[in-house]
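It should be emphasised that the depicted structure is a prediction, and the values quoted were computed from it without experimental measurement. Numbered from 1 within each chain, the chains take letters A, B, ... in sequence-line order.
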Amino acid sequence: MSKSSGKSSQKTPQAIRGTQDIFGADAESFAFVVETFERVRKLYRFRRVEMPVFEKTEVFARSIGETTDIVSKEMYSFEDRGGESLTLRPEFTAGIARAFLTNGWQQHAPVKLATHGPLFRYERPQKGRYRQFHQIDAEIVGAAEPQADVELLAMADQLLKELGIEGVTLHLNTLGDGDSREAWRAALVEHFRSVKDELSEDSQERLEKNPLRILDSKDRRDQKFVADAPKIDQFLSDDARAFFDAVTGGLDAAGVKWTRAESLVRGLDYYRHTAFEFIPDEGSDAAGKLGSQSTILGGGRYDGLMESLGGAATPAVGWAAGIERLAMLVGEKSETRADVIVVVENDAVLSKGIEAARKLRDGGMAVELVASGSPKKRFDKARKENPKALLSFDQRDAFQSNLRGDADVEASIRSILNDPAFDL
RNA sequence: GCGAUCGUAGCUCAGUUGGUCAGAGCGCCGGUUUGUGGUACCGGAGGUCGCGGGUUCAAACCCCGUCGAUCGCCCCA
């Protein structure tokens, strides 16, 4: 904005609530998370998949569960010009299931898939929570065996380690198979209904909508009833029991530390068997950085999902993690230093600066060219950036150059600009 | 949808019981030191103190509304 033009009378539009413009150190942390995920995912041979950001609304409505908050009030839905209801994806799993069915990926099953990108949920923004947020996601589709759960969790565990995130523990539970889950749910409803009047207002409502979530309640009034609520273990079929034992046994073999969380349930209707969340330990550094958003990676098995979309029964297991939350835990990632800053101290030698910068970049060096502003201040400006080497060009009586910096970088520069014209 | 806190230059913030309170640092622009130098000095641009009402002789400061941000509840990554 120049002095003569002054301020425009136009009002600058504001960013949409709950969206973010990520820049600088935060953007570096974000990129570090994604790059680490990409690296680890390849170690486990998960295949990259790109998904559309929006789908027909029914993809999410039918798979996630009509009564969940996500579907009933948190979706970004709109009609396209043909009058069809479309929705910006609130999660990855439903879209992946749809893609699996419509593209005939059964032929690849079991298939390990990984993706990442933006998701959208119409919620109140707060710490670590946005309306447009970003996740990394991993799924194994078409694998019924507990070994798939183990592999998936081992990858998650290794990812967190490679991100350098400490003080986080895998909380693990089983919801049993469909019948187990329903029996348990019925018993829970009965248990809590008998003390309904003593429950918190929120939990009285949960009793009708989503009784399993009463187990998660933070309200003191609910906790004593949660303690002696029926446990899923009482309702597990032999198969479900064996499945869970196989998962925990595999985790031990893989060296993944875990803890049983009997009251851990996930909000979405499609989960069966394994449910898990990586949660910061109480009082840990990580817990402090995340505020009230405690789960950094969560998922489970969703054997019933494909059928809800009209496909054949297909077992699958997956997880997702919020990139923003992970980025808060990986610490400051500073932007990389320049290898060289080329300073043009006199505009008469500008072309020489441009030429040198290009040649150095061709040679694989990260180069910044400083050639604007007060000529006398360019050098100091470059020094402040703390490059590995500093190359300055000037023209007084004659062209002259000056190079100083780390010995090895200096040597590379001299060999790349090995031309008398640069006077090195 | 509900609650709490906050909203002063591009950025981070000062502004005492309402009366030179429109400021500092950083950043930006220009200049000095006639120089091979990350330091210093001088000067400049830039703000209707989120917006709109109200109280008052007088409001950035008090009251109401509104918008926005932040944090929390619900829910969830």
Could you check whether A/Arg124 gets within reach of a base, just the sugar-phosphate, or nothing at all, counting any heavy atom under 4.0 Å? base
Take atom C1' in B/C6 and the same atom in B/C42, then report the distance between them in whole Å. 38 Å
For nucleotides B/C74 and B/G1, find the distance between their C1' atoms and express it as a whole number of Å. 8 Å
Which comes earlier along RNA chain B counting from the 5' end, the contact point of A/Asp202 or that of A/Glu277, where each point is its nearest nucleotide? A/Asp202
Which is true for A/Gly291 with a 4.0 Å heavy-atom rule: it touches a base, it touches only sugar-phosphate, or it touches nothing? sugar-phosphate
Runs of at least three consecutive Watson-Crick or G-U pairs, both distances under 3.5 Å, are what I'm after; which ones involve RNA chain B? B:1-7 with B:67-73, B:10-13 with B:23-26, B:28-32 with B:40-44, B:50-54 with B:62-66
In whole angstrom, give me the gap between the C1' atoms of B/A9 and B/C2. 36 Å
Check ion pair A/Lys231-A/Asp233 (N to O, under 4.0 angstrom): no
Contact class for A/Tyr130 (heavy atom, under 4.0 Å): base, sugar-phosphate, or nothing? base
Examine B/G68: is either OP1 or OP2 under 4.0 Å from a nitrogen or oxygen in the side chain of A/Arg17? Give yes or no. yes
Starting at atom CG of A/Asp216, determine the distance to atom P of B/C74, rounded to an integer number of angstrom. 10 Å
In whole angstroms, the gap separating P of B/A69 from CZ of A/Arg129 amounts to 15 Å
How many whole angstroms separate atom CD1 of A/Ile296 from atom P of B/C76? 18 Å
Taking only the side-chain nitrogens and oxygens of A/Gln135, find out if one of them lies under 4.0 Å from OP1 or OP2 of B/A77. no
Check ring-ring contact (aromatic ring centres under 6.0 Å, His included) between A/Phe37 and all other residues, then give those that pass, not counting sequence neighbours. none
Spell out yes or no: do the side chain of A/Glu123 and the base of B/A77 have one donor N/O and one acceptor N/O closer than 3.5 Å? yes
Take atom CG of A/Leu159 and atom C1' of B/A77, then tell me their distance rounded to the nearest Å. 14 Å
Between B/C63 and B/C26, how far apart are the P atoms? Round to whole Å, please. 35 Å
If you look at every strand shown and take non-hydrogen atoms under 4.0 Å, does A/Glu345 touch a base, only sugar-phosphate, or nothing? base
Look at A/Arg193 together with A/Glu190 and state whether they make a salt bridge at an N to O cut-off of under 4.0 Å. no
Specify the separation, in whole Å, of atom CG of A/Leu290 and atom P of B/C71. 12 Å
With sequence neighbours excluded, what pairs up with A/Phe399 under the side-chain contact (heavy atoms from CB on, under 4.5 Å) test? A/Val349, A/Lys352, A/Phe393, A/Gln395, A/Ser401, A/Asp423
Starting at CG of A/Leu329 and ending at C1' of B/A77, how long is that distance when rounded to a whole Å? 12 Å
Does A/Phe133 stack onto the base of B/A77, taking stacking as ring centres under 5.5 Å apart and planes under 30° apart? yes
Gap in Å between the two P atoms, one belonging to B/U12 and one to B/A69, rounded: 15 Å
Determine the Euclidean distance between corresponding C1' atoms of B/U36 and B/G30; express it in Å to zero decimal places. 23 Å
Using a cut-off of 4.0 Å on non-hydrogen atoms, how would the nucleic acid contact of A/Asp380 be classed: base, sugar-phosphate, or nothing? sugar-phosphate
Between the protein and nucleotides 26-29 of chain B, which nitrogen or oxygen pairs are less than 3.5 angstrom apart?
| from | atom 1 | to | atom 2 | distance (Å) |
| --- | --- | --- | --- | --- |
| B/G27 | OP1 | A/Lys384 | NZ | 2.5 |

On a whole-Å scale, what distance lies between the C1' atoms belonging to B/U32 and B/U39? 16 Å
Would you call A/Lys388 and A/Asp406 a salt bridge, using N to O less than 4.0 angstrom? no
With respect to the side chain of A/Arg206, which nucleotide from B/G68, B/C74, B/G35 is positioned closest? B/C74
Specify the residue among A/His134 and A/Lys127 whose closest nucleotide of RNA chain B lies further upstream toward the 5′ end. A/Lys127
Indicate yes or no: does A/Arg383 engage A/Glu385 in a salt bridge with an N to O separation below 4.0 Å. no
Do any pairs count as a side chain to side chain donor-acceptor pair (under 3.5 Å) and have a residue in residues 134-145 of chain A, sequence neighbours left out, and if so which ones? A/Thr93-A/Glu139, A/Gln132-A/His134, A/His134-A/Glu324, A/Glu139-A/Tyr302
A/Asp21 CG to B/C11 P, in whole Å, measures 13 Å
Taking B/G46 as the reference, what is the distance to B/C29 when you measure between their P atoms (whole Å, please)? 16 Å
Quick one: A/Asn402 CG to B/G38 P, roughly how many Å, whole number? 12 Å
A/Gln126 side chain: which of B/C75, B/A77, B/C73 is closest? B/C73
A/Phe78: what forms a ring-ring contact (aromatic ring centres under 6.0 Å, His included) with it, not counting sequence neighbours? none
Only counting residues at least two apart or in another chain, list the ones meeting side-chain contact (heavy atoms from CB on, under 4.5 Å) with A/Asp216. A/Arg213, A/Val265
Under the rule for side-chain contact (heavy atoms from CB on, under 4.5 Å), what residues qualify as partners of A/Ala275, not counting sequence neighbours? A/Leu175, A/Leu264, A/Arg266
Could you tell me whether A/Glu123 and A/Arg131 have a side-chain N and a carboxylate O separated by less than 4.0 Å? no
Looking at residues at least two apart in the chain, or sitting in another chain, which of them share a ring-ring contact (aromatic ring centres under 6.0 Å, His included) with A/His116? none
